[in-house]
2 protein chains.
Amino acid sequence: MCASFRRTARALTSFYEEALRPTGLRATQLTILQALSRAGEVSQGRLGGILAMDSTSLTRTLAILRRRGWVAERRGKDLRERLLRLSRGGAAKLKRTTPVWDGVQARLSAKLGERGWKNLLRLTNQVTDLVADKGGAL
Amino acid sequence: MCASFRRTARALTSFYEEALRPTGLRATQLTILQALSRAGEVSQGRLGGILAMDSTSLTRTLAILRRRGWVAERRGKDLRERLLRLSRGGAAKLKRTTPVWDGVQARLSAKLGERGWKNLLRLTNQVTDLVADKGGAL
DNA sequence: CCTAGGTGGATGTATATACATCTATCGTGG
DNA sequence: CCACGATAGATGTATATACATCCACCTAGG
């Protein structure tokens, strides 16, 4: 099951990234911008929870996104925390990229069918919840 | 969809690797040994096709597996090709690891149900086939 | 106030993965 | 046989990702 999911994730990533290439955003980076757009200002740890990802893994990816000016961070009352949010430039980038992303999804959705698409999203989220303790749907 | 699959793949990988840790095999490495066990002697490019993975990405992972003595390679008639196969040590390692792997899968299968499990495998393979040109079910 | 244990991230290290590019080799038309 | 375009991997570079460990900071008990 793990191998099947990893394999499909590779295939899907390749499919999405081919379309996203002209935008200069990697699939993972777009995902983070989308998550921040929905979540508002969140700590790095909380973002890791949302993405079912080790929060320390985010340190490097976020460094890239900050360098490019798409993500801003500040200290909260708890000085250990990094509160992350989409910067103005990040919001603009996300807005410009969304049509491309919609296009890929539409092409895939056409192959899977509306019902298959929704079913698959539901199932993958269910599996994530089953094996990850912390949750918070993407 | 890409983000959902990547997210679930991360969660599943973490779930499997926690169980596999005592064996010293990473999930990806186990997958390659299993693939070689089923496929017999194959070229690197063919293995990449089976795993829906860029064949040049395999160069590094295979180097690790060869260093550990689990995978053997030889030149074929076509001197550009690397023909890969499970070494004797690799077969032994795979055999020792399989019970652990079975255990994880059983635990997950118990949560998903036999029917849900098979359904999910079928769907993921279907998606892979839809977005990847080359195939060959895992 | 002060200390002890806990928590949020940063950093070191290892693996996973892709793509562009390079090299060796292959097969074919001349 | 030979030059040329095609193919299999190797290599350079960048990102994605995890875990162990470290440091700073927090919180609660004394």
Side-chain angles (χ1 to χ4, degrees), chain A residues 2-3 5-22 24-32 42-49 51-68 70 73-84 132 134, chain B residues 2-3 5-22 24-32 42-49 51-68 70 73-84 132 134:
Chain A
C2 179
F5 264 86
R6 289 184 70 93
R7 179 166 172 264
T8 305
R10 282 192 297 270
L12 276 175
T13 300
S14 165
F15 185 68
Y16 275 66
E17 296 224 328
E18 185 180 341
L20 288 173
R21 204 156 302 142
L25 264 183
R26 305 291 296 269
T28 300
Q29 299 170 351
L30 173 59
T31 300
I32 291 177
V42 289
S43 71
Q44 186 168 319
R46 173 100 189 84
L47 182 59
L51 300 173
M53 177 184 299
D54 183 287
S55 73
T56 72
S57 295
L58 281 168
T59 303
R60 272 87 175 204
T61 298
L62 287 171
I64 296 170
L65 297 179
R66 280 195 293 118
R67 209 184 319 130
R68 304 238 210 280
W70 297 327
E73 85 175 27
R74 68 180 181 89
R75 297 291 186 110
K77 251 184 310 202
D78 184 338
L79 292 180
R80 293 168 304 178
E81 283 186 335
R82 311 286 170 159
L83 295 178
L84 305 161
K134 300 280 175 179
Chain B
C2 180
F5 263 87
R6 288 184 72 93
R7 179 166 172 263
T8 305
R10 282 191 298 269
L12 277 174
T13 300
S14 166
F15 184 70
Y16 275 67
E17 295 223 329
E18 185 181 341
L20 288 173
R21 205 156 300 141
L25 263 183
R26 306 292 295 270
T28 301
Q29 298 170 351
L30 173 58
T31 300
I32 291 177
V42 289
S43 71
Q44 185 169 318
R46 173 101 187 82
L47 182 59
L51 300 173
M53 177 185 299
D54 183 287
S55 72
T56 72
S57 295
L58 281 167
T59 303
R60 273 88 175 203
T61 298
L62 287 170
I64 296 171
L65 297 178
R66 280 195 292 116
R67 209 185 319 131
R68 305 240 209 279
W70 297 326
E73 84 174 30
R74 69 180 180 87
R75 298 293 186 106
K77 249 184 309 201
D78 184 337
L79 292 180
R80 293 168 304 177
E81 282 186 336
R82 311 286 170 160
L83 295 177
L84 305 160
K134 300 280 176 179

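Order of the sequence lines sets the chain letters (A, B, ...), proteins ahead of strands, with each chain counted from 1.
- Between I64(B) and Q29(B), the closest heavy-atom pair is CG2-NE2, 4.0 Å.
- Side-chain atoms of R68(B) lie closest to dT15(C) of the nucleotides dT11(C), dT15(C), dA16(C).
- One interatomic measurement links the two molecules: CZ of R75(B) to P of dC26(C), which rounds to 9 Å at whole-angstrom precision.
- Atom pair R82(A):CZ and dT11(C):C1' shows a separation of 13 Å (rounding to whole Å applied).
- Between R7(B) atom CZ and dT17(D) atom C1' the separation is 16 Å, expressed in whole Å.
- Within 4.0 Å (heavy atoms only), T13(A) reaches no atom of the nucleic acid at all.
- Between the T31(B) side chain and the A27(B) main chain, a donor and an acceptor come within less than 3.5 Å of each other.
- In terms of heavy-atom proximity, S57(A) sits nearest to M53(A) at CB-CG, 4.2 Å.
- For the OP1/OP2 pair of dA16(C) and a distance below 4.0 Å, the side-chain nitrogens and oxygens of T61(B) include at least one atom meeting the criterion.
- In this structure, L20(B) atom CG and dC19(D) atom P are separated by 12 Å, rounded to whole Å.
- In terms of position on DNA chain D, the residue among G45(B) and R6(B) whose nearest nucleotide sits closer to the 5' end is G45(B).
- Closest to the R60(A) side chain, of the nucleotides dT15(D), dT13(C), dG9(C), is dT13(C).
- The nearest heavy atom of DNA chain D to S14(B) and to I64(A) marks one nucleotide each, and the one closer to the 5' end goes with I64(A).
- In this structure, CG of L47(B) is placed 10 Å from P of dG9(D), rounded to the nearest angstrom.
- Between T56(A) and R10(A), the residue whose closest nucleotide on DNA chain C is further toward the 5' end is T56(A).
- What you find for R80(B) and D78(B) is that their closest heavy atoms are NH2-OD2, 2.8 Å.
- In this structure, CG of L58(A) is placed 14 Å from P of dG8(C), rounded to the nearest angstrom.
- When the nucleotides dT17(C), dA10(C), dC26(C) are ranked by their closest atom to the side chain of Q44(A), dA10(C) comes out on top.
- Between the side chain of S57(B) and the base of dC19(C) there is no donor-acceptor pair of N/O atoms closer than 3.5 Å.
- Picking from dG9(D), dT17(C), dT17(D) the nucleotide with the shortest atom distance to the side chain of M53(B) gives dT17(C).
- Nearest heavy atoms, G45(A) versus S55(A): CA-CB, 3.8 Å.
- When each of R80(B) and E81(A) is assigned the nucleotide of DNA chain C with its nearest heavy atom, E81(A) is the one assigned upstream, toward the 5' end.
- With a 4.5 Å cut-off on side-chain heavy atoms, R82(B) and R75(B) count as touching.
- In terms of phosphate contacts, T59(A) brings a side-chain nitrogen or oxygen within less than 4.0 Å of OP1 or OP2 of dA10(C).
- Atom CZ in R67(A) sits roughly 10 Å away from atom C1' in dA14(D) (whole-Å rounding).
- Here the C1' atom of nucleotide dC19(D) and the CZ atom of R21(B) are 7 Å apart, to the nearest Å.
- A close approach under 4.0 Å does not occur between any side-chain nitrogen or oxygen of R26(A) and OP1 or OP2 of dA18(C).
- The side chain of Q29(B) has dT15(C) as its nearest neighbour among dC26(D), dT15(C), dG9(C).
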